[in-house]
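Data block below; observations after.
To find a chain, count down the sequence lines: A is the first, B the second, and so on, and within it residues start at 1. Bear in mind that the values here come from a model prediction, so they are computed numbers and not experimental data. Values reported hereafter were calculated over all heavy atoms of this structure, with side chains retained and with hydrogens, waters and symmetry mates removed.
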There are 2 protein chains.
Amino acid sequence: MSPFEDEKLDPRVKRTRQMIEQAFDDLIKEKGFQTLIVQDITERAGINRATFYAHFPDKYALLDHSIRHRFHQELEKRMLNVCQFSLGNLRNLVIVVCEFVDKSHSQCAHSDLQFQALVEVQVRIQIHGLIGHWLEGLPSGVDFPATRASASTAASWALYGLAVEWNRTRRMPPLEEYADQVLPLLAANLGLNMEAAAPLPA
Amino acid sequence: MSPFEDEKLDPRVKRTRQMIEQAFDDLIKEKGFQTLIVQDITERAGINRATFYAHFPDKYALLDHSIRHRFHQELEKRMLNVCQFSLGNLRNLVIVVCEFVDKSHSQCAHSDLQFQALVEVQVRIQIHGLIGHWLEGLPSGVDFPATRASASTAASWALYGLAVEWNRTRRMPPLEEYADQVLPLLAANLGLNMEAAAPLPA
DNA sequence: CAAAGAGTGTTGCTTATGCAACAATGGAGA
DNA sequence: TCTCCATTGTTGCATAAGCAACACTCTTTG
């Protein structure tokens, strides 16, 4: 459930990965993802090129890892990775995703479509996993429009799409307001009627 | 002449030394030199204890190296390590030494006498080397009170002593003024009569 | 005095990283 | 088309770093 714990790993490995990730993050801001070559990363990180390939198959794998890592950190900040389902937590998730998408889109220079697509895939996977985990924790009596798997799929796509839309409209309305506005939509995906007495704590 | 150039060294070695030196500097500020044990340094640096001993015989050698390194950096900042003798350069050297002594004494918490003594030895060695190098570059016609070797010895001790004194009087008078004040003393050590027409550019 | 603990250096072995060279791919330009 | 060049992954070998264990010295504490 938590692929980024501080495993008791060889300190050399931990250091090298940190240096690679740091160099990668910096370079993406500076020259974007597409024009970035592996040699840039290893030079900035101060490691050998062969060492890079000992850790990542290529720069795409590194990007995937980096996105997962950073998004997971955002979840950790709000403890969304160690909680149960509630409308309040779902609302926080909306906020996290919107902010993350906004930050990603702003830092990639030339509206790099490939970059954005790769971000989307990784983030959606994580959202899907989190919501799926939440739903597993619900009592079996709760009804869903379909299976729980379908529910988390629909909700994760919907949530990401809403985040992109919020970014596209130049972050209007304000995030808190937007979260309140779209929360019923997502709740509906999950089979929750917000007008009736919700079976969950808000 | 320059023991700290960016030699083409194995990047692993460069990294490890940097981490050790960084951890050492931080820890000295936090808990002083005497109470510091090697294990503290290696833990903070994130390296193995055996690796430490592969680079330094003990914490005293590390301190020596650290002082030499930092003092040399100060010389480099003002390009005193790549210039010839002049009264202006000697004056700059006074300023560098005063500032360095002051910084060292302020950062060592409990007026750690051993620490101060170790700093003194290393800094004086460097001053001695630099002045000696300067004197070698002078034309053979210039007169000294004694040999050039004696002159640089006397001057280096005198200069360090003056720096300690300036620190002891709570940095009074202001550094620039103090430098002008003591410059004739040091010049006399080097056989230069500042009242007569100096054979050197000011 | 004895025993326990903390810190020091050292050692043998394992593992990760550095380095240089290589073939393979693909794009740019004559 | 052809060559040139940059980039990519990969490989074998050299070297640095990690790790656990050891003996040794001091200090502390009962």
Side-chain angles (χ1 to χ4, degrees), chain A residues 3-24 26-28 30-66 69 109-110 112-115 118, chain B residues 3-28 30-66 69 109-110 112 114-115 118:
Chain A
F4 296 104
E5 284 179 15
D6 299 335
E7 302 155 17
K8 289 166 189 170
L9 211 54
D10 190 315
R12 291 171 291 183
V13 174
K14 218 181 297 180
R15 268 206 302 276
T16 299
R17 292 195 181 150
Q18 277 183 351
M19 292 187 298
I20 291 176
E21 291 171 32
Q22 185 61 52
F24 183 65
D26 294 347
L27 284 169
I28 279 202
E30 292 176 22
K31 54 181 294 187
F33 178 69
Q34 285 179 342
T35 63
L36 200 59
I37 66 178
V38 174
Q39 195 175 350
D40 294 332
I41 302 169
T42 58
E43 279 177 3
R44 177 68 66 96
I47 63 161
N48 195 275
R49 204 161 54 86
T51 304
F52 175 91
Y53 289 109
H55 290 266
F56 300 97
D58 49 38
K59 71 172 183 175
Y60 297 94
L62 172 56
L63 177 61
D64 288 353
H65 175 82
S66 170
H69 192 32
H110 315 288
D112 187 328
L113 291 180
Q114 184 189 25
F115 177 83
L118 293 169
Chain B
F4 297 105
E5 284 179 14
D6 300 334
E7 301 156 18
K8 289 163 189 171
L9 211 55
D10 189 315
R12 289 172 291 182
V13 174
K14 218 181 297 180
R15 268 205 303 274
T16 299
R17 292 195 183 151
Q18 276 183 351
M19 292 187 297
I20 291 176
E21 291 171 31
Q22 184 61 51
F24 183 65
D25 289 351
D26 294 346
L27 284 169
I28 278 202
E30 293 176 22
K31 53 182 295 188
F33 178 70
Q34 286 180 344
T35 63
L36 200 59
I37 65 177
V38 173
Q39 193 175 350
D40 292 334
I41 301 169
T42 59
E43 279 177 3
R44 176 68 66 95
I47 64 161
N48 195 276
R49 204 161 54 86
T51 303
F52 176 91
Y53 288 109
H55 290 266
F56 300 96
D58 49 40
K59 71 172 184 174
Y60 297 94
L62 172 56
L63 177 61
D64 288 352
H65 174 83
S66 170
H69 191 32
H110 313 288
D112 188 328
Q114 185 188 25
F115 177 83
L118 295 168

Please tell me whether B/T42 and B/N48 have a donor and an acceptor in their side chains that are separated by less than 3.5 angstrom. no
pair A/L118-A/Q114: side-chain heavy atoms closer than 4.5 Å: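 Contact flag for A/L118/A/Q114 side chains = yes.
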Quick one: are A/R15 and B/M19 in side-chain contact, heavy atoms under 4.5 Å? yes
Taking the six-membered ring of B/F33, is NZ or CZ of B/K59 closer than 6.0 Å to its centre and within 45° of its axis? yes
Whole angstrom value for the distance that separates [atom2] of [N] from [atom1] of [X]:
| X | N | atom1 | atom2 | value |
| --- | --- | --- | --- | --- |
| A/F56 | D/dT10 | CZ | P | 15 Å |
| B/K14 | C/dG18 | NZ | P | 11 Å |
| A/E43 | C/dC19 | CD | P | 12 Å |
| A/R17 | C/dT17 | CZ | P | 8 Å |
| B/N48 | C/dT11 | CG | C1' | 13 Å |
| B/L9 | C/dC19 | CG | P | 10 Å |
| B/M19 | D/dG18 | CE | C1' | 12 Å |
| A/D40 | D/dA6 | CG | C1' | 12 Å |

Under 3.5 Å, is there an N or O donor on one side and an acceptor on the other linking the side chain of B/R12 and the base of D/dA17?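 Per atom types, no contact qualifies.
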Any donor-acceptor pair, under 3.5 Å, between the side chain of A/R49 and the base of C/dG18, if you only look at N and O atoms?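 Side chain to base: no pair below 3.5 Å.
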Within the pair [X] and [N], is there a side-chain N or O less than 4.0 Å away from OP1 or OP2?
| X | N | value |
| --- | --- | --- |
| A/H55 | C/dT17 | yes |
| B/R15 | D/dA17 | no |
| B/Y53 | C/dT10 | no |
| A/T16 | C/dT17 | yes |

5'-most by nearest nucleotide on DNA chain D - A/D10 or A/K59: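 The 5'-side residue here is A/K59.
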Taking for each residue the nucleotide of DNA chain D bearing the nearest heavy atom, is the 5' side occupied by A/P57 or by A/P11? A/P57
Among C/dG7, C/dT17, D/dA16, which nucleotide has an atom closest to any side-chain atom of B/I37?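 The closest nucleotide is C/dG7.
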Counting heavy atoms from C-beta on, name the nucleotide in D/dA17, D/dT10, D/dT7 closest to the side chain of A/Q39.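 Side chain of A/Q39 sits closest to D/dT7.
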B/D26 side chain vs B/A23 backbone, donor-acceptor pair below 3.5 Å: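 No; zero donor-acceptor contacts below 3.5 Å.
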Between A/T51 and B/A50, the residue closer to the 5' end of DNA chain C by nearest nucleotide is B/A50
